[in-house]
**Q** 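Take this structure first; my questions come after.
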Amino acid sequence: MDWKVTAMYFSATGTTKKIIVGIAEKLSENINGERKVTIQDFTLPDSRQEPKQFTANDIVVFGVPVYAGRVPNVLLKYLNTITGNGALAIAVTVYGNRNYDDALIELTDILQANGFTVIAGGAFIGEHSFSRTLAKNRPDDHDMAIVKEFAHQLKVKLIDQNSVEPVEVSGNRPYRYYYIPKNEQGEPVDIRKVTPKTNDRCTNCGLCTRLCPMGSIDSEEASKMKGICIKCGACVKSCPVNAKYYDDKNYIRHKEELEIDFSHRREPEFFI
């Protein structure tokens, strides 16, 4: 049987995209003999307007970043408009070297509830959205070698073992609450309403406006926000003149704490 392989992902800074496309292309090559993959990128607001349906001939490699140990809650409404209709799915979460907590089991449950059979899951590491040093430049060559091994084992399950059995992945039910940062006194702090600032290097080129997954940066004046900020890092990391930054003290403390406490390299995990 020839399967149609789709890479479907939310990837504000490209790390999730690299992993998901890597898995999908290698899987397609392994099971179909060619790297023929359909791309469904739902990072930008316009791409999340229409429901998406699949069929029993589809295999979807599905990827989201981990936000505070969970599937980003801003994506939940859209994720529940995607219908599997018996399609197979590989659930993948990408996190910034702290922990993926219950994000993978949550994503698996969402896909299963929407008509997919989730036959495998993975938790990979990408450079943290808050930082340029935490998991810097990941996924790297070692990560991509694990991507290839994951795709090989998927081929073994599908072709050699002829199995489409659902997978059990790591995580808790009920899911743990979202990871909450704390201040120096150990008290919880809320950084959800923190937004990026813009310095005088800004040329108003519009790149950050086009890249914002929430469509929250004003198209006429890049220093103005017209919606929520999910701290995805797209505007800060992509600005060609380094004009975007955060100055909130709780945000900065949390970022620096992550960089210190979670500097030890974590490795990808997968479940088949």
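Because the structure is a prediction, the values reported are computed rather than measured. When reading the values below, keep in mind they use all heavy atoms of this one structure, side chains included, and skip hydrogens, waters and symmetry mates.
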**Q** Under 4.5 Å between side-chain heavy atoms, counting indirect links through other Ile/Leu/Val/Met/Phe/Trp/Tyr residues: same cluster for Phe62 and Val21 or not?
**A** no

**Q** Does any pair with a residue in residues 223-249 pass salt bridge (charged side-chain N to carboxylate O under 4.0 Å, His left out), and if so which ones, sequence neighbours excluded?
**A**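 Found Glu127-Lys237, Lys197-Asp247.
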
**Q** Same cluster or not: Met214 versus Val194, using hydrophobic residues (I, L, V, M, F, W, Y) connected whenever any side-chain heavy atoms lie under 4.5 Å apart?
**A**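 No, separate clusters.
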
**Q** In this structure, would Val167 and Ile23 fall into the same cluster of hydrophobic residues linked by side-chain contacts under 4.5 Å?
**A** no

**Q** Is it the case that over 12 heavy atoms from other parts of the model lie below 6.0 angstrom from the CG atom of Asn172?
**A**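 Buried by this count: over 12 neighbours within 6.0 Å.
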
**Q** Walk me through whether Ser163 and Glu165 qualify under side chain to side chain donor-acceptor pair (under 3.5 Å).
**A** CA-CA 6 Å; Ser163 172; Glu165 292 300 310; 5.1 Å; no

**Q** More than 12 heavy atoms of other residues, nucleotides or ligands under 6.0 Å from CG of Asp141: yes or no?
**A** no

**Q** Roughly how far apart are Tyr9 OH and Thr16 OG1, rounded to 0.5 Å?
**A**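 The OG1 atom of Thr16 is 10.0 Å from OH of Tyr9, to the nearest 0.5 Å.
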
**Q** Taking all non-hydrogen atoms of both residues, which atom of Ser216 and which atom of Ile228 are closest, and how far apart?
**A**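 What the structure gives for the nearest pair is OG-O, 2.7 Å.
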
**Q** List for me each residue that meets side chain to side chain contact (heavy atoms under 4.5 Å, CB included) alongside Gln40, sequence neighbours excluded, and say none if there are none.
**A** Thr6, Met8, Thr38, Lys52

**Q** Could you tell me whether Tyr246 and Phe130 have their ring centroids closer than 6.0 angstrom?
**A**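 That pair fails the under 6.0 Å test.
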
**Q** Is any side-chain N of the basic residue among Lys17 and Asp41 closer than 4.0 Å to the acidic one's carboxylate O?
**A** no

**Q** Which is it for Arg173 and Asp109 under the salt bridge (charged side-chain N to carboxylate O under 4.0 Å, His left out) test, yes or no, and what are the steps along the way?
**A** CA-CA 10 Å; Arg173 297 187 186 98; Asp109 288 347; 2.7 Å; yes

**Q** Consider only side-chain heavy atoms of I, L, V, M, F, W and Y, link residues closer than 4.5 Å, and tell whether Ile19 and Leu104 are in one cluster.
**A** no

**Q** What do you reckon, is CD of Glu220 surrounded by more than 12 foreign heavy atoms closer than 6.0 Å?
**A**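 No, not enclosed.
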
**Q** Which residues satisfy the side-chain hydrogen bond (donor to acceptor under 3.5 Å, both in side chains) test with Lys18, sequence neighbours excluded?
**A** none

**Q** Nearest 0.5 Å please: distance from the CD1 atom of Ile217 over to the CG atom of Leu207.
**A**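 Taking CD1 in Ile217 and CG in Leu207, the distance rounds to 9.0 Å.
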
**Q** State which residues pass salt bridge (charged side-chain N to carboxylate O under 4.0 Å, His left out) with Arg192; sequence neighbours excluded, sorted by chain then number.
**A** Asp190

**Q** Roughly how far, to the nearest 0.5 Å, is the CZ atom of Arg210 from the OG atom of Ser238?
**A**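 So the gap between those two atoms works out to 10.5 Å.
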
**Q** Check for a donor-acceptor pair, side chain of Ser131 on one end and backbone N or O of His128 on the other, with a separation under 3.5 Å.
**A** no

**Q** Do Asn97 side-chain atoms and Arg266 backbone N/O form a donor-acceptor pair below 3.5 Å?
**A** yes

**Q** According to the interplanar angle, ranging from 0 to 90°, do the rings of Phe124 and Phe150 count as parallel (below 30°), tilted (30 to 60°) or perpendicular (above 60°)?
**A** tilted

**Q** Under the side-chain hydrogen bond (donor to acceptor under 3.5 Å, both in side chains) test, which residues partner Asp101, sequence neighbours left out?
**A** Arg98

**Q** Give the minimum heavy-atom separation between Asn199 and Asn242, together with the two atoms involved.
**A**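 Closest pair (atom of Asn199, atom of Asn242, distance): ND2-O, 3.2 Å.
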
**Q** With a 6.0 Å cut-off on ring centres, are Phe42 and Tyr78 close enough?
**A**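 Yes, ring centres under 6.0 Å apart.
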
**Q** Mind checking whether Ile110 and Tyr100 sit in one hydrophobic cluster, side chains of I, L, V, M, F, W, Y counted as touching below 4.5 Å?
**A** yes

**Q** Kindly write out the residues that satisfy side chain to side chain contact (heavy atoms under 4.5 Å, CB included) with Glu187, not counting sequence neighbours, or none if the list is empty.
**A** Asn183, Gln185

